[in-house]
Amino acid sequence: MSLTVRAYNVLFGDCILLSWDEDDRLHHAWVDFGNMPDDSNLVFDTVYDDVLARTGGHLDLVMVTHRHQDHLEGFHVCRRRFARDFQVDRLWHAHVTPALDEVFRLADAAMVALLPRSTLSGEGEIGRLYQNNQFLSTEDRMAAILQSFPAGSTHAVHRELDLRAERALAPGMRRMRVQVLAPERDSRLYLRSLREGLASQQALQRSFDALPAEASRPAVPPSGQAVPPEAGYAFLPELADFARLRRKLRTGGLGTLAAVNKTRNNTSVVTRWTYDRTVTLLLTGDAELMSWSVMRHNGVDFAADLLKVGHHGSINASPAWSFARVFPQVQSANAVLLSTDRTRFTGENEVPERSVVQGWRARVTSTSRLKRTDGRGLPPGGSVAFRFDT
């Protein structure tokens, strides 16, 4: 009996295929399939064909960990072919409290009002981040994916969901056990940073609206000309304040975007898989520090033989305490998968962050036990894999 965990190079995104032996046949689960909005979708064809060949078109489970394009876009682009080519027993996606989606909708409207047009159209690192979070596009994509699966086979999952009672488990999964560690049923828990950001924006906007319109202000005279005596000098600090406040609002748009991204990441489905009571996998989606903290408070056992590093190796998804909690001992069985692209986010926002890579590398016995989807010589659509025999 064996279990194989395979991670694909989909450029910047996640795509993982689990394949394991049961008594009757080889079984499979496909976790995430997406990349960033400015990536070429041609890579999806290569991955899709490989998964189809390996699985024979039968998947026990498809899981979309959260509603970001770098985790779901491939399922959306290929959804019609998917419905034709694959038999999928169950599909899981992240449960989100309706009230949380309403806040996402308001935040998106705030960003549209605040961010430059070039950013909204996807220009640069910030533009890619906005496109990955854009509310209507991600909502519509997820809805279209769900509509392509049979009614009753899709489940919005959270930690408290009784998977067996809700018939969310595929019937053929006997040697494989899956535990949902996150998100919480009430996902408003993850709203704090976004609520604070929106409240700040609303306060700034009220101050902005209270200022006189620019058109009603006295014009600054051309260089070298005297200021009219009746104008006085009062308008000079007012104009400076006006410009400063406008800059704050624009910068606040970036703050709101960061808060939206963080909140959505924290709704990620985090799962712990145990195969044949022997091998344990921890798949974290993009869960950030708040989600990790909530799971720790819940008394989660993080120990695993294999970890899929959270959020592409970002600094905000691997708490300092997590290294030893996931791998209590440094031993040869420990394995780490990192889905990332070192060329995408650099400088201050480096991904993957060096200290994160070093932290996980310190918990394995050799460099071959940490595999990356951006490794040298791995082409787009290629994959890296670990195999465990029981």
Side-chain angles (χ1 to χ4, degrees), residues 6-17 29-52 59 61-86 88 91-94 96 101 104 108 119-149 154 156 257 260-261 263-265 267-269 283-287 308 310-314 338-341 343-345 351 373-374 379-383:
R6 187 175 305 277
Y8 288 88
N9 175 10
V10 283
L11 305 178
F12 194 88
D14 269 20
C15 181
I16 295 172
L17 180 68
W30 192 346
V31 181
D32 287 335
F33 185 28
N35 57 25
M36 291 293 278
D38 62 339
D39 283 335
S40 170
N41 286 347
L42 293 177
V43 71
F44 293 147
D45 291 333
T46 303
V47 174
Y48 183 96
D49 290 342
D50 188 77
V51 174
L52 182 60
L59 295 164
L61 178 65
V62 166
M63 183 164 68
V64 182
T65 58
H66 63 293
R67 210 166 66 202
H68 270 159
Q69 287 191 38
D70 61 330
H71 290 253
L72 62 78
E73 182 67 358
F75 290 132
H76 178 257
V77 169
C78 301
R79 65 191 184 282
R80 292 184 178 86
R81 292 170 57 193
F82 213 97
R84 181 194 67 212
D85 295 339
F86 282 92
V88 178
L91 180 142
W92 291 2
H93 60 108
V96 177
D101 262 340
F104 281 128
D108 193 69
T119 297
L120 297 174
S121 64
E123 182 178 296
E125 287 186 4
I126 301 300
R128 288 197 297 268
L129 188 61
Y130 171 73
Q131 292 286 318
N132 198 41
N133 282 277
Q134 188 180 7
F135 178 77
L136 288 179
S137 64
T138 53
E139 180 186 46
D140 292 348
R141 280 169 164 79
M142 192 68 238
I145 292 169
L146 295 176
Q147 288 169 7
S148 65
F149 287 85
T154 65
L257 174 56
V260 167
N261 190 59
T263 304
R264 182 66 79 188
N265 284 338
T267 66
S268 290
V269 180
L283 306 185
T284 61
D286 279 357
K308 198 289 295 185
H311 202 196
H312 317 287
S314 299
L338 176 55
S339 297
T340 195
D341 179 349
T343 69
R344 197 57 56 93
F345 294 93
V351 177
T373 58
D374 64 344
S383 63

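It should be emphasised that the depicted structure is a prediction, and the values quoted were computed from it without experimental measurement.
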Any side-chain heavy atom of [X] within less than 4.5 Å of one from [Y]?
X      : Y      : answer
His93  : Phe75  : no
Thr263 : Phe104 : yes
Phe33  : Val51  : no
Val62  : Phe86  : no

Hey, is CZ on Arg84 packed in by over 12 heavy atoms from elsewhere, all under 6.0 Å?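 Counting neighbours around CZ of Arg84, more than 12 heavy atoms of other residues, nucleotides or ligands fall under 6.0 Å, so yes.
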Keeping [X] on the side-chain end and [Y] on the backbone end, is there a donor-acceptor pair under 3.5 Å?
X      : Y      : value
Tyr48  : Arg81  : yes
Asn9   : Pro379 : yes
Ser339 : His312 : no
Asp32  : Gly13  : no

After noting the C-alpha distance and the side-chain angles of Tyr130 and Asp108, does the key distance pass the side chain to side chain donor-acceptor pair (under 3.5 Å) rule? CA-CA 9 Å; Tyr130 171 73; Asp108 193 69; 3.2 Å; yes
Given the rule in the side-chain contact (heavy atoms from CB on, under 4.5 Å) test, do Asn35 and Phe44 qualify, once you have shown the distances and angles that lead to the verdict? CA-CA 9 Å; Asn35 57 25; Phe44 293 147; 3.4 Å; yes
Salt bridge flag under 4.0 Å for residues Arg128 and Asp70: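 Looking at Asp70 together with Arg128, the answer is no, because their closest N to O distance does not fall below 4.0 Å.
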Any idea which heavy atoms bring [X] and [Y] closest together, and the distance?
X      : Y      : result
Val10  : Gly34  : CG2-O, 3.3 Å
Asp374 : Thr340 : CB-O, 3.4 Å
Ser268 : Thr284 : CB-O, 4.1 Å

Could you tell me which residues satisfy salt bridge (Lys or Arg N to Asp or Glu O under 4.0 Å) with Arg6, sequence neighbours excluded, listed by chain and number?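 So Arg6 forms no salt bridge (Lys or Arg N to Asp or Glu O under 4.0 Å) with any residue.
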Kindly write out the residues that satisfy salt bridge (Lys or Arg N to Asp or Glu O under 4.0 Å) with Asp140, not counting sequence neighbours, or none if the list is empty.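 Result, salt bridge (Lys or Arg N to Asp or Glu O under 4.0 Å) vs Asp140: none returned.
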In this structure, which one of Thr138, Asn265, Asp14 forms a side chain to side chain donor-acceptor pair (under 3.5 Å) with His68?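 Considering Thr138, Asn265, Asp14, a side chain to side chain donor-acceptor pair (under 3.5 Å) with His68 is found only for Asn265.
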How long is the straight-line distance from [atom2] of [Y] back to [atom1] of [X], given to the nearest 0.5 Å?
X     : Y      : atom1 : atom2 : value
His66 : Leu72  : NE2   : CG    : 8.5 Å
Ser40 : Asp45  : OG    : CG    : 9.0 Å
Gln69 : Arg141 : CD    : CZ    : 4.0 Å

Assess whether side-chain contact (heavy atoms from CB on, under 4.5 Å) is satisfied between Asp286 and Thr65, documenting all intermediate values. CA-CA 8 Å; Asp286 279 357; Thr65 58; over 6 Å; no
Evaluate side-chain contact (heavy atoms from CB on, under 4.5 Å) for Phe135 paired with Arg67, printing each intermediate quantity in order. CA-CA 9 Å; Phe135 178 77; Arg67 210 166 66 202; 3.4 Å; yes
Test side-chain contact (heavy atoms from CB on, under 4.5 Å) on Leu59 and Phe82; report intermediate values, then the result. CA-CA 11 Å; Leu59 295 164; Phe82 213 97; 3.8 Å; yes
